[in-house]
Chemist: 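This is the structure, below, for whatever I ask next.
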There are 2 protein chains.
Amino acid sequence: MQKEYNLSKNQKIIFDLIDKSGGPMKAYSILFNVQKKGIKAPLQVYRALDKLVEIGKIHKIESRNAFIACQNSSCQISKATAFSICESCENVSEISNSKLSKYLSNFSDNSGMKYSKYNLEFFGLCKKCKSK
Amino acid sequence: MQKEYNLSKNQKIIFDLIDKSGGPMKAYSILFNVQKKGIKAPLQVYRALDKLVEIGKIHKIESRNAFIACQNSSCQISKATAFSICESCENVSEISNSKLSKYLSNFSDNSGMKYSKYNLEFFGLCKKCKSK
DNA sequence: AACGTTATGTAATAATATAACATTTATAAG
DNA sequence: CTTATAAATGTTATATTATTACATAACGTT
Ligand SMILES: [Zn+2]
Ligand SMILES: [Zn+2]
Ligand SMILES: [Zn+2]
Ligand SMILES: [Zn+2]
């Protein structure tokens, strides 16, 4: 069960926007889109993004400097994330594959390092773009 | 066998710097360090970095906006990369684990997408930082 | 009410990355 | 050697992404 976190005003505005967009959004595009709602400064956006990432409502797509709503209802915190990214149309989707996440969560090597978090990004061509 | 690519002047200066540093370096830190060698503008650095990434001599650590020399002699192109990152001291090392790379290179799901590339970043605490 | 914590507002600035254009150097073919 | 082509360089300006610093307000608990 996902704990219902009580989002603040700015957090809610920004989460709703990203969620409705259905894809990754960049910080300044978010800013542009919420200015009519009174959010005027980059920092207001980044603060809300930070919190939303922290509680797992959104994830950052590191290779794109963009943020996407969690598509996996069980992601409470952003600690084990995997995405597929189309290099042509830039479509992004969150991969939720229990075998993959088990494999990676249990991964260890001989470095003596304990891994508590990972982020994986796959790149390629989506179905649509392949057939062009 | 790794093809010996003939690096240009700027590419060589920048690769040598990153390689000698032994860890990840940021673009503007690189710029600062090569100014005495006549490389004066960000674009000169970014162009060399782009090429070095393309041919696999360095990789970009996406979550840190930093670049590290390839520690795995067989990485001809940056198409299958995995790193471990200490969240305390920011030490980064390239993971070369053939099981892991096989598993990820062969990964496929029912999305219909063909993956040609991936990047994986593990986060945690390194041996040293754990024992503090 | 008093307190500590979280969120907000605002301005300025830092850090990261690319666009546009002119020129030079390297590579390969004829 | 000459011409053509691609790759690399130099330079200026600018775009994009993200944080610092400081002041104020709202929220949750006792
Ligand atoms: Zn998720
Ligand atoms: Zn596509
Ligand atoms: Zn490598
Ligand atoms: Zn460490």
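Reminder, nothing fancy here: chain letters follow the sequence lines and each chain counts from 1.
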Chemist: Could you work out which one of D:dA21, C:dA17, C:dA7 sits closest to the side chain of A:Leu43?
Modeler: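 The listed nucleotide nearest to A:Leu43's side chain is D:dA21.
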Chemist: Please give, in whole Å, the distance from C:dA7 P to A:Ile55 CD1?
Modeler: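 The distance from CD1 of A:Ile55 to P of C:dA7 comes to 9 Å, rounded to the nearest Å.
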Chemist: Select one nucleotide: of C:dT8, D:dT9, D:dT12, the one nearest the side-chain heavy atoms of B:Asn10.
Modeler: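 In terms of side-chain proximity for B:Asn10, the closest of C:dT8, D:dT9, D:dT12 is D:dT9.
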Chemist: Just N and O in the side chain of A:Lys51: are any of them under 4.0 Å from OP1 or OP2 of C:dT5?
Modeler: no
Chemist: Send over the distance from B:Glu62 CD to D:dT17 P, rounded to a whole Å.
Modeler: 13 Å
Chemist: Given atom CD1 of B:Ile14 and atom C1' of D:dT9, what is their separation to the nearest angstrom?
Modeler: 11 Å
Chemist: Which one, C:dA17, D:dT9, D:dT17, comes nearest to the side chain of B:Ala27?
Modeler: C:dA17
Chemist: Find out whether A:Phe83 and A:Pro24 are in side-chain contact, i.e. whether some heavy atom of one side chain is under 4.5 Å from a heavy atom of the other.
Modeler: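 Sidechains of A:Pro24 and A:Phe83: no contact.
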Chemist: Nearest whole Å is fine: how far is C:dT6 C1' from A:Leu52 CG?
Modeler: 14 Å
Chemist: Nearest 0.5 Å, what's the CE-CD1 distance between A:Met25 and A:Ile14?
Modeler: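 Here the rounded value is 10.0 Å.
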Chemist: Using the six-membered base ring of C:dT16, report whether B:Tyr28 stacks on it, requiring centroids under 5.5 Å and planes under 30° apart.
Modeler: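 Here the ring of B:Tyr28 and the base of C:dT16 are stacked, with centres under 5.5 Å and planes under 30°.
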Chemist: Check the phosphate of D:dT16 against A:Asn65, side-chain N and O only, distance under 4.0 Å to OP1 or OP2. Yes or no?
Modeler: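 Looking at the OP1 and OP2 atoms of D:dT16, neither is under 4.0 Å from any side-chain N or O of A:Asn65.
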Chemist: Is any NZ, NE, NH1 or NH2 atom of the basic residue among B:Arg64 and B:Glu121 found under 4.0 Å from an Asp or Glu carboxylate oxygen of the other?
Modeler: no
Chemist: Rounded to whole angstrom units, what separation is found between the CZ atom of B:Arg47 and the P atom of C:dT25?
Modeler: 15 Å
Chemist: Return the nearest nucleotide to the side chain of B:Gln44; candidates are C:dT18, D:dT11, C:dA11.
Modeler: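 For B:Gln44, the side-chain atoms sit closest to D:dT11.
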Chemist: Is atom NZ of A:Lys79 surrounded by more than 12 heavy atoms (other residues, nucleotides or ligands) closer than 6.0 Å?
Modeler: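 For A:Lys79, atom NZ is not crowded (no more than 12 foreign heavy atoms under 6.0 Å).
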Chemist: Think B:Ser8 has a side-chain N or O under 4.0 angstrom from the OP1 or OP2 of C:dT25?
Modeler: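 The answer is no; no side-chain N or O of B:Ser8 sits under 4.0 Å from OP1 or OP2.
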Chemist: Just how far is it from atom CD1 of A:Ile95 to atom CG of B:Asp109, taken to the nearest 0.5 Å?
Modeler: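 Taking CD1 in A:Ile95 and CG in B:Asp109, the distance rounds to 5.5 Å.
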Chemist: Looking at A:Lys60, I'd like to know whether one of its side-chain N or O atoms comes within less than 4.0 Å of OP1 or OP2 on D:dA18.
Modeler: yes
Chemist: Does B:Lys26 make a side-chain N or O approach to OP1 or OP2 of C:dT16 shorter than 4.0 Å?
Modeler: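 For C:dT16, OP1 or OP2 has a side-chain N or O of B:Lys26 closer than 4.0 Å.
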Chemist: By nearest atom, which of the nucleotides D:dT19, C:dT16, D:dT12 is closest to the B:Ala41 side chain?
Modeler: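 Ranking D:dT19, C:dT16, D:dT12 by closest atom to the B:Ala41 side chain puts D:dT12 first.
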Chemist: To the nearest Å, give me how far apart OH (B:Tyr46) and P (D:dT17) are.
Modeler: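 Rounded to whole Å, this separation is 13 Å.
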Chemist: Which whole-number value in Å describes the distance from A:Asp50 CG to D:dT17 P?
Modeler: 16 Å
Chemist: Determine: side-chain N/O of B:Lys40 to OP1/OP2 of D:dT11, distance under 4.0 Å, yes or no.
Modeler: yes
Chemist: Please report the distance, rounded to the nearest Å, between CD1 in A:Ile61 and P in D:dT17.
Modeler: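 Going from CD1 in A:Ile61 over to P in D:dT17 covers 14 Å.
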Chemist: For A:Lys114, I'd like to know if atom NZ has over 12 heavy atoms of other residues, nucleotides or ligands within 6.0 Å.
Modeler: no
Chemist: Please determine, for the side chain of B:Pro42, which listed nucleotide (D:dT9, D:dT20, C:dT18) has the closest atom?
Modeler: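 Given the options D:dT9, D:dT20, C:dT18, the side chain of B:Pro42 is closest to C:dT18.
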